[in-house]
Amino acid sequence: MFKTRITELFGIEYPVIQGGMQRVSTAELVAAVANAGGLGFLSALTQPTPAALAEEITRTQAMTNKPFGVNLTILPSITPPPYEEYAQVIIDSGVKIVETAGRSPKPFMAAFKEAGIKVAHKCTSVRHALKAQEVGCDAVIIDGFEAAGHPGEDDIPSLVLLPRTVDTLDIPVIACGGFSDGRGLAAALAMGAEAVSMGTRFLGTVEAPVHQNLKDKLLEGSELDTQLIFRKFRNTARVYRNSVAEEVVSIEQKKDTEFSDIAELVSGKRGAKVLETGDMEHGIWWAGMSQGLIYDIPTVDVLVKRIVSDAYEIVQGRLAKLISA
């Protein structure tokens with residue numbers, strides 16, 4: 001129904017993308033998105049080793065013959081993961097689409113390009129999107145302030161950030177942050193985006209490999225039930241508002257707080273237990289404002305088809321009727 005530069009670039013049927021999510025973007029979810037006609041991204045660093053990533057890619061390839069990608073998030077660390085080895089696994093696997101996030105993908109671009117891989121870099125500002133274009137990325141994913149995870153420090157929502165990015169760049173722009181349904185897709189396309197990327201909405205699907213308690217929380221929650229943490233350290237993150245997130249904010253507000261004072265509360269191990277055990281107060285977990293628009297837990301196929309058909313009806317039906325003859 002919708003032919004855009006992104007559907008053409010990645011060879012997908014619909015301009016609907018499931019972004020890479022730590023501990024969530026595994027073969028079952030990604031293959032389901034691909035089979036539904038969208039584009040899913042495995043999370044490379046969810047896998048403990050490059051060899052494990054190779055196995056996960058092979059598992060995904062066994063579940064779908066449609067395009068899918070791999071997310072490689074590059075973050076500063078005292079003991080960084082072997083990013084080059086993960087990148088080489090992606091190249092060797094035959095996967096042709098990569099989503100990068102965090103630091104600039106520049107060190108990996110030559111190898112990715114030589115392998116014929118298309119790269120979409122996730123950004124939170126126009127200036128970073130411009131740099132991504134300069135280093136050779138094929139597309140950018142622009143994260144508005146509504147997004148889960150790290151929405152940057154500028155606090156610009158998608159309604160402004162998306163069209164500003166489209167106005168500035170030549171390469172295709174994918175909208176992210178606050179999108180969850182056909183209305184969002186239609187709006188994103190109207191603002192010049194070539195697709196939407198969603199994380200929180202795909203958490204609320206049958207195939208998402210998280211505990212049912214988390215999915216129930218998404219149904220119960222509203223747009224008010226997220227919490228910004230790490231503001232003091234200029235590493236802002238949007239998570240679900242629970243007792244742990246509120247405790248983190250309380251500690252941050254103290255004058256001499258250092259990150260070490262909250263490190264244990266926000267540890268990845270605690271977050272993993274939330275997803276696995278369903279103890280929703282054990283740690284922090286990512287959620288965007290779009291949870292306020294989650295009213296059911298459908299299969300991925302139902303969700304993707306519904307988003308596209310609803311967007312089509314808005315464009316061909318409601319909006320067309322507003323134009324007088």
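In this chain, residues are counted from 1 in sequence order.
- Side-chain contact between Val24 and Leu29: present, with at least one pair of heavy atoms (C-beta onward) separated by less than 4.5 Å.
- Side-chain contact check for Ser243 and Glu281: at least one donor-acceptor pair (N or O, by modelled atom type) lies under 3.5 Å.
- Under the 4.5 Å side-chain criterion, counting only non-hydrogen atoms from C-beta, Phe259 is not in contact with Asn235.
- Checked against Leu265 for a side-chain contact (heavy atoms from CB on, under 4.5 Å), the options Ile229, Ile284, Val248 give a single hit: Val248.
- In terms of modelled atom types and a separation under 3.5 Å, the side chain of Arg241 and the main chain of Thr226 share a donor-acceptor contact.
- In this structure, Phe179 is a member of the same hydrophobic cluster as Val308, with clusters built from ILVMFWY side-chain heavy atoms closer than 4.5 Å.
- Side-chain contact check for Arg201 and Ser290: no donor-acceptor pair (N or O, by modelled atom type) lies under 3.5 Å.
- Contact of the Phe10 side chain with the Pro67 side chain is not registered, since no non-hydrogen atoms from C-beta on lie closer than 4.5 Å.
- Residues Val274 and Asp279 form no side-chain contact, since every pair of their non-hydrogen atoms from C-beta on lies 4.5 Å or further apart.
- Hydrophobic clustering keeps Leu9 apart from Val33 (ILVMFWY residues linked when any side-chain heavy atoms are closer than 4.5 Å, directly or through intermediates).
- Put simply, the side chain of Asn71 never gets that close to the backbone of Val98: no donor and acceptor are under 3.5 Å apart.
- In this structure, Arg23 does not pair ionically with Glu276, as no charged nitrogen and carboxylate oxygen lie closer than 4.0 Å.
- With Asp296 contributing its side chain and Leu219 its backbone, the two residues share no donor-acceptor pair below 3.5 Å.
- Using a 4.5 Å cut-off on side-chain heavy atoms (C-beta onward), Tyr312 and Val315 make no contact.
- The backbone N or O of His282 sits nowhere less than 3.5 Å from a side-chain atom of Lys273 that would complete a donor-acceptor pair.
- No cation-pi contact links Arg238 to Phe230, judged by a cut-off of 6.0 Å to the six-membered ring centre and 45° from its axis.
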- request: May I have the step-by-step check of side-chain contact (heavy atoms from CB on, under 4.5 Å) for Cys137 and His121, ending in yes or no?
  value: CA-CA 7 Å; Cys137 290; His121 187 60; 3.7 Å; yes
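- A single hydrophobic cluster is seen to contain both Val304 and Met1, as judged by linkage of ILVMFWY side chains at heavy-atom distances under 4.5 Å, directly or through other members.
- Under a hydrophobic-cluster definition in which Ile, Leu, Val, Met, Phe, Trp and Tyr are linked whenever side-chain heavy atoms come within less than 4.5 Å, directly or via other members, Val239 and Ile262 are assigned to the same cluster.
- Here Glu194 pairs with Arg5 in a salt bridge; the nearest charged N to carboxylate O distance falls below 4.0 Å.
- Salt bridge absent: Asp310 and Lys305 never bring a charged side-chain N and a carboxylate O closer than 4.0 Å.
- No side-chain N or O of Asn242 forms a donor-acceptor pair with one of Glu246 less than 3.5 Å apart.
- A side-chain donor-acceptor contact under 3.5 Å links Asn35 to the backbone of Ala31.
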- request: Please step through side-chain contact (heavy atoms from CB on, under 4.5 Å) for the pair Val300 and Val206, ending with a clear verdict.
  value: CA-CA 7 Å; Val300 164; Val206 170; over 6 Å; no
message: Using the rule given for side chain to side chain donor-acceptor pair (under 3.5 Å), can you reason through Glu252 versus Thr257, listing the C-alpha separation, both sets of side-chain angles and the distance that settles it, and then say yes or no?
response: CA-CA 6 Å; Glu252 281 190 58; Thr257 301; over 6 Å; no
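- Donor-acceptor pairing under 3.5 Å is lacking for the side chains of Thr200 and Gln291.
- Here the side chain of Asn213 pairs a donor or acceptor atom with the backbone of Gly278 at under 3.5 angstrom.
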field: Full working for salt bridge (Lys or Arg N to Asp or Glu O under 4.0 Å) between Asp261 and Lys232
entry: CA-CA 12 Å; Asp261 297 319; Lys232 184 170 187 174; over 6 Å; no
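- Taking the six-membered ring for Trp and thresholds of 30 and 60 degrees, Trp285 and Tyr240 have nearly parallel ring planes, at less than 30 degrees apart.
- Contact of the Thr100 side chain with the Lys122 side chain is not registered, since no non-hydrogen atoms from C-beta on lie closer than 4.5 Å.
- Under the 4.5 Å side-chain criterion, counting only non-hydrogen atoms from C-beta, His211 is not in contact with Thr277.
- The shortest side-chain heavy-atom distance between Phe108 and Ile74 falls under the 4.5 Å cut-off.
- The closest donor-acceptor contact from the side chain of Asp225 to the backbone of Ser222 lies under 3.5 Å.
- Side-chain contact of Ser25 with Gln18: a donor-acceptor pair under 3.5 Å is present, judged by distance alone.
- The main-chain N or O of Phe202 is found under 3.5 Å from a side-chain atom of Thr205 such that the two form a donor-acceptor pair.
- A distance below 6.0 Å separates the ring centres of Trp286 and His150.
- Checked by atom type and distance alone, the side chain of Lys106 never pairs as donor or acceptor with a backbone atom of Gly136 at under 3.5 Å.
- In summary, the side chains of Thr124 and Asp143 do not present any donor paired with an acceptor at a separation below 3.5 Å, with no hydrogens or angles considered.
- Checked against Pro15 for a side-chain contact (heavy atoms from CB on, under 4.5 Å), the options Leu39, Val196, Thr4 give a single hit: Thr4.
- A donor-acceptor pair under 3.5 Å is absent between the side-chain atoms of Lys96 and the main chain of Gly116, judged by distance alone.
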